[in-house]
Q: 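Got a structure for you, questions after.
In this text, all values refer to a predicted model and were calculated from it rather than measured experimentally. Excluded from the calculations below are hydrogen atoms, water molecules and symmetry mates; all remaining heavy atoms, backbone and side chain alike, are included. A, B, ... follow the sequence lines: proteins, then strands. Residue 1 opens every chain.
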There are 2 protein chains.
Amino acid sequence: MGRRATIREVAELAGVSVATVSRVINGAAVAPETAARVGEAVAVLGYRPNGVGRSLKTASSRLIGVLIPSLANPVFAEAVDGIAEGVDGSGYSLLFGASDYRRDRERAGIEALLRYRVDGLVLTVADAAASEVLDLIEAVEVPYVLVYNPAGDHRRPTVTVDNRAAGRAVAERLIGLGHRRLGMIAGRLADSDRARARHAGFAAAAAEAGLPAPTLREVPFTAPGLEPVLAEIFAAPAPPTALFCSNDMLAIAAVAALGALGRAVPDDVSVVGFDGIAIGTLVHPSLATVVQPSRELGRTAAQQLLGRLSGEGAAASVILPHVLRHGKSVGPAAKHSPTASPASNLPAHSLVTRTSTP
Amino acid sequence: MGRRATIREVAELAGVSVATVSRVINGAAVAPETAARVGEAVAVLGYRPNGVGRSLKTASSRLIGVLIPSLANPVFAEAVDGIAEGVDGSGYSLLFGASDYRRDRERAGIEALLRYRVDGLVLTVADAAASEVLDLIEAVEVPYVLVYNPAGDHRRPTVTVDNRAAGRAVAERLIGLGHRRLGMIAGRLADSDRARARHAGFAAAAAEAGLPAPTLREVPFTAPGLEPVLAEIFAAPAPPTALFCSNDMLAIAAVAALGALGRAVPDDVSVVGFDGIAIGTLVHPSLATVVQPSRELGRTAAQQLLGRLSGEGAAASVILPHVLRHGKSVGPAAKHSPTASPASNLPAHSLVTRTSTP
DNA sequence: GCGCCGATTGTAAACGATTACAGTGTGAAT
DNA sequence: ATTCACACTGTAATCGTTTACAATCGGCGC
């Protein structure tokens, strides 16, 4: 890395003191003629103020840390794009980290961000209500705003949609179409408070309609083979006729796996996703899902944080509207609900399928 | 932001000098007993070394700048994920910027990254052979590695696939299927050297086969309405029977737009994309495309850069293998090449509604 | 007993900026 | 002429580290 000009060299060349150069750079009052001389020196030397020196003195890094599970899921990529958009023009830059859905990496990522003395953080954590990293962040008093994590009794500022209401809406819609046996698959609930909220709403609506608790299966986030899981679900005596997936990636994989298993979507099974990623409208059949405004979620979170950083009180939680997107992956419950196969046919392991406990 | 303990306070509490604390932190030789006392003080105070102070003194930020067009295209999101993976455990963090495919924002993004004195850069630029920002980066002598940008006569280190050969392979395949009139749509060629390379290979193969030069249409990167563009292409006297799109997002949009125009894919028109984003296998018809190993591209670029930063000579260019993915979006050229508008024969919706084929 | 060595620790000067505070010079008011 | 306000600029301390260099100490060989 080549030596860069320092403020001292600029000062020397312009024949002024470093203080004056600093003032010119930062737009403080200086005589126009002096400013011109300094400007010239800056241009000649290709001087670029050293942000590190500045940060050290001002105790402000002008850095915002971003920590999300993974960029491989478009819903997060879009949010980060939105954060970048929201931060644009503010003079802040984004320091990025991914947790890969793992709590230990979440912790490590935060440690790294804190080392750089980020001025604030935008992040999605496994569980906002019981989060070691959030406790840490609060202990060091770095302002932060959550994205996607549901707003709960924890009084933590978050920008999200109403996950619970959305889960409820999904169930109500399916029930309205005549479905009576509902199922849900989700990433590990222990590591996703949003999936829990979606499930809670979903199950609550089912209960209110007098239906049995929806079958619930948890799968790893980076699901390799969904087929065995689905095979198991549908080998059960009274399999669901509609499946709610805690995110679109899962839903799309589920539709594919169901196809491979010989189940038609939506004729045999309806499938609903969550997130509203762009691809959902392009897959076949098009995916019914809950659309959250991801880019806007990110942008809003960034703006909230920026507001907080410029001293406008605490950042507030914001609930943005979600919308149910109709898609060809849901249909009415089959008139002839596929009767359960004789119990003797069932492989024993099908019994491990768990049901939810609200 | 709460006051954090400094090395001085730790030193005081442990009853040693700051030099000793620094040595403990950085693993230099100190008496075990002293180290223990310091460690305790660190724990008690919750001390976390200030990276800004460290960077200033050591003239190394341990930051790697990443600049890509947009996270909205999964191909870049995946690459960034790969970069994060490649950097993991190295002690470096990622400073992120997006150019939105615009040269001015490219420039602004780089300026911001340089301000933080990044130790190195991984980036995708509009045109590696004639790039103002690369000239700038070279002027300030910050090590960098390009991703996706084709390796050309410019001697700039880049990690990519052989775009030209891939373009050629696409043409050869289409020609092998009997296609004689080829077309291509691409983002603005002036702002994408990779699209140019793909086109060059594509056109070269067509020429060698004695075919007329493929129709070429450029569209904005964030294409809102492809329909008018495609309508125009297919209103021409002898429209192409196969369309090569410079990336998958475009290809997927093209398939949708063609459907809306009453052209069946692949029966009326074959469509091939580029990138191999995951969604391609899920859309209907599944997308034929050139698959590039995006995550690996990113990871490799990061590793190259890291190698360069730890002083192992200059980073080299790396060409990773691409593969042609078969997909249902290409088929043999229609025996009866459709000359007149077939739209009158078929209701448009019959072409877009398909049942799944497991 | 002396000098020297190695191990350990301390002192203080950077790194590149910002910013109180002090200094200078000008013109206007008296 | 003297004073004062004001506009402008300079001096120097400071932010939190790292690290060259110096200092201290106990022990060891002679």
Q: Ignoring backbone atoms, establish whether A/Arg54 has a side-chain N or O less than 4.0 Å from OP1 or OP2 of C/dT18.
A: yes
Q: Output yes when at least one side-chain N/O atom of B/Tyr116 is less than 4.0 Å from OP1 or OP2 of C/dA17, else no.
A: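 B/Tyr116 to C/dA17 OP1/OP2: no side-chain N or O under 4.0 Å.
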Q: Rounded to the nearest Å, what distance is computed from the CZ atom of residue A/Arg115 to the P atom of nucleotide D/dT18?
A: 11 Å
Q: If you define the side chain from C-beta out and look only at heavy atoms, does anything of B/Ile68 sit under 4.5 Å from B/Asn73?
A: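 In short, these two side chains do not touch, never coming nearer than 4.5 Å.
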Q: Check the distance between D/dG16's P and B/Arg8's CZ and give it to me in whole angstrom.
A: 8 Å
Q: Calculate the interatomic distance between B/Ile25 atom CD1 and D/dT17 atom C1'; express it in whole Å.
A: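 About 9 Å, once rounded to whole Å.
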Q: Whether B/Asn26 contacts D/dT18 is assessed here as follows: a side-chain N or O lying under 4.0 Å from the phosphate OP1 or OP2. Is that the case?
A: yes
Q: Please tell me if B/Ser22 has a side-chain N or O lying less than 4.0 Å from either OP1 or OP2 of D/dT18.
A: yes
Q: Within this structure, what is the CG-to-P distance between A/Leu45 and C/dG16, rounded to whole angstrom?
A: 14 Å
Q: Expressed in angstrom and rounded to an integer, what is the separation of A/Glu12 atom CD from C/dG16 atom P?
A: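 So the two atoms are 14 Å apart, to the nearest Å.
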Q: Knowing that exactly one of B/Arg102, B/Arg103, B/Arg105 qualifies, which makes a salt bridge (Lys or Arg N to Asp or Glu O under 4.0 Å) with B/Asp191?
A: B/Arg103
Q: Taking atom C1' of D/dG16 as reference, at what distance in whole Å does atom CD of B/Glu9 sit?
A: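 After rounding, the gap between these two atoms is 11 Å.
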Q: Side chain of B/Leu56, heavy atoms from C-beta onward: which of C/dT18, D/dC15, C/dC15 has the nearest atom to it?
A: C/dC15
Q: I need the A/Arg48 CZ to B/Leu136 CG distance, nearest 0.5 Å.
A: 5.0 Å
Q: Just wondering, do B/Glu106 and B/Leu67 contact through their side chains at under 4.5 Å, heavy atoms?
A: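 Yes - at least one pair of side-chain heavy atoms lies under 4.5 Å apart.
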Q: Sugar-phosphate means primed atoms, P, OP1 and OP2; the rest is base. With that split, encode nucleotides 4-13 of chain C 5' to 3' as B, S or - using protein heavy atoms under 4.0 Å.
A: ----SBBBB-
Q: For B/Ser294, what residues pass the side chain to side chain donor-acceptor pair (under 3.5 Å) criterion, not counting sequence neighbours?
A: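 Result, side chain to side chain donor-acceptor pair (under 3.5 Å) vs B/Ser294: B/Tyr148.
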Q: Please tabulate, for the side chains in residues 38-47 of chain A, all donor-acceptor contacts under 3.5 angstrom to protein atoms that are two or more places apart in sequence or on a different chain.
A:
none

Q: Nearest whole angstrom, please: distance from the P of C/dA14 to the CG of A/Asn50.
A: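 Taking atom P of C/dA14 as the reference, CG of A/Asn50 is at 18 Å.
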Q: Is any NZ, NE, NH1 or NH2 atom of the basic residue among B/Arg156 and B/Asp135 found under 4.0 Å from an Asp or Glu carboxylate oxygen of the other?
A: yes
